[in-house]
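Down below is the structure, laid out as structure tokens.
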Amino acid sequence: MAEIRLEGVAHSYDGGGTWALKPMTWTWRTGRAYALLGPSGCGKTTLLNIVSGLLTPTRGRIWFDDREVTGVPPAGRNIAQVFQFPVLYDQMSVYDNLAFPLRNRGYPRQEVDRRVRRVSGLLGLDEHLRRRSRRLDPGRQQIVALGRGLVRPEVAAVLLDEPLTVVDPAMKWTLRSKLKEIHRDTGHTLVYVTHDQTEALTFADEVVVLNDGEIVQAGEPGELFLSPAHEFVGHFIGSPGMNVLDGAVAGGLVRVGDAAVGRASGDLPPGPVRIGVRPEFVRLTSEEAPPGIAARVTGIDRMGAYDLVHAQVNGHPLVARTDAAAVREPGSVTFLRFAEGRAFLFRDAVRCGVVEPLPGSAP
Ligand SMILES: Nc1ncnc2c1ncn2[C@@H]1O[C@H](COP(=O)(O)OP(=O)(O)OP(=O)(O)O)[C@@H](O)[C@H]1O
């Protein structure tokens, strides 16, 4: 296993006209399970292929520990890669497919057998070991492909590119927890590409959020939810995503329209800001005491365990997640407060501060 370091890596497919990846410096630490999360076209596969050596970056350098591998082809990098669709030897048995990467590197027979059976047991393949892989359904074939990626102990990293796309939904949950178990067992460095926030948050030690060719934030799942560093992270993670209101900082206060909603943290220069707050951290009250902002309720989604209250604030739509069946009607006026430390200020989409309570205001 190796620490994988990208130094100013960038990639353009059209000679510098557009950049699929913008210059990034980033380290994948040894033994961690990462999710690389972002929408379609943000550059996830490009980044993965640069790590595996399928693609040479237009700019920058790549290091595996203290060995530079920028120009080294995949065979010289000792990476296991699992693709979206199964890549297997059709005519071989499941056992032989799983054994192939080990035999290819000269592992002794007993060791091959031990490792194949361990992975097969964890992935629920024991009863299929003797079958030809082409006789399996595509979902099961993909599980064998996963097994092939995970069977070698000494790889620098295992890269998984949307590996559960062809696996049926019920099986996905099981496989994700199996993957975590195998990760705990082997200590592989895993990079798991997905555009699905649930997959990313439930799988990874650390989620790396990619948008428009840039890493906009990386952190533990809870950190991305509670403390988004970029507007995109606020929108992309969470359901529904973070609310954003246009506001302004003047005289140290944060205002939405005429209402002061708090103080700006630090010495934020005056001027327009965007205020981001998740639905979970918007409180609704009937009291008109500062720092309440007046809002008109426009609709209520009863979700069973909770309600999503939709409101208009100073011309902006906003959603609050509240206790179920609170007595509120569309058309009524309510007052909003933000949970302390959970409303953030953004400029140019990047977090620049926090809304702090007004002196003497109710918590
Ligand atoms: N071989 C290629 N030639 C030209 N442009 C490409 C090529 N591969 C990818 N791109 C472009 O580079 C950008 C990043 O693509 P990439 O496939 O890395 O994104 P992604 O996040 O993996 O998307 P998806 O989730 O849809 O696979 C996109 O704008 C895509 O159109």
Side-chain angles (χ1 to χ4, degrees), residues 4-28 33-62 69-71 73-74 77 79-87 138-139 141-142 145-146 149 157-169 172 175-176 179 189-204 206-219 221 224 228-239 241 349:
I4 298 174
R5 195 155 47 88
L6 310 177
E7 227 178 62
V9 162
H11 194 72
S12 170
Y13 288 100
D14 58 7
T18 54
W19 291 86
L21 282 185
K22 298 175 183 154
M24 65 172 67
T25 293
W26 171 254
T27 302
W28 307 99
Y34 292 93
L36 181 58
L37 174 70
S40 183
C42 71
K44 303 181 295 294
T45 301
T46 303
L47 181 52
L48 216 59
N49 288 345
I50 284 174
V51 172
S52 69
L54 288 173
L55 207 58
T56 304
T58 314
R59 291 198 187 144
R61 308 206 293 173
I62 305 155
V69 298
T70 314
R77 292 199 188 188
I79 290 268
Q81 196 160 3
V82 180
F83 299 92
Q84 213 168 354
F85 299 99
V87 180
Q141 287 178 347
Q142 182 65 355
L146 264 179
V158 183
L159 311 180
L160 307 143
D161 195 352
E162 309 239 7
L164 303 184
T165 307
V166 294
V167 175
D168 79 73
K172 277 187 185 176
L175 277 176
R176 262 205 310 278
L179 264 176
T189 307
L190 295 186
V191 183
Y192 182 111
V193 164
T194 179
H195 61 266
D196 178 330
Q197 57 162 311
T198 311
E199 262 185 46
L201 299 177
T202 53
F203 167 78
E206 191 169 341
V207 180
V208 179
V209 184
L210 197 63
N211 185 42
D212 201 13
E214 284 179 285
I215 294 176
V216 289
Q217 189 173 5
L224 297 185
H230 193 281
E231 278 188 34
F232 178 80
V233 175
H235 294 301
F236 199 66
I237 290 178
S239 183

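Keep in mind the model is a prediction, meaning the values are calculated, not measured. Counting starts at 1 for both ligands and their atoms, in listed order.
- Closest to atom 17 (O) of ligand 1, if we only count protein heavy atoms, is Thr45 CB, 3.9 Å.
- At the top of the distance list for atom 15 (O) of ligand 1, counting protein heavy atoms only, stands Thr46 OG1, 3.8 Å.
- Counting only heavy atoms from C-beta outward, the side chains of Trp19 and Thr58 approach each other to under 4.5 Å.
- When distances from atom 28 (C) of ligand 1 to the protein are checked, a heavy atom turns up under 4.0 Å.
- Protein heavy atoms are absent from the space less than 4.0 angstrom from atom 31 (O) of ligand 1.
- Note on Asp161 versus Lys44: no salt bridge recorded, every NZ/NE/NH1/NH2 to OD/OE distance being 4.0 Å or above.
- In the vicinity of Pro39, heavy-atom distances shorter than 4.0 Å reach the ligand 1 atoms 21 (O).
- In terms of protein heavy-atom proximity, atom 14 (C) of ligand 1 is closest to Gly41 O, 3.4 Å.
- For atom 8 (N) of ligand 1, the closest non-hydrogen atom of the protein is Tyr13 CZ, 3.3 Å.
- Looking from atom 26 (O) of ligand 1 to the surrounding protein, the closest heavy atom is Ser40 OG, 2.6 Å.
- Tyr13 and His11 have perpendicular rings, their planes meeting at more than 60° on a 0 to 90° scale where under 30° would count as parallel.
- Taking CG of Leu224 as the reference point, atom CD1 of Ile237 lies at 4.5 Å (rounded to 0.5 Å).
- What sits closest to atom 19 (O) of ligand 1 on the protein, heavy atoms only, is Gly43 N, 3.2 Å.
- Between Leu190 and Phe203, some side-chain heavy-atom pair lies under the 4.5 Å cut-off.
- Considering every non-hydrogen atom in both Gly60 and Thr70, the closest pair reads O-CG2, 3.5 Å.
- Contact of the Val209 side chain with the Phe232 side chain is registered, since non-hydrogen atoms from C-beta on lie closer than 4.5 Å.
- At the shortest separation from atom 25 (O) of ligand 1 among protein heavy atoms lies Lys44 NZ, 3.0 Å.
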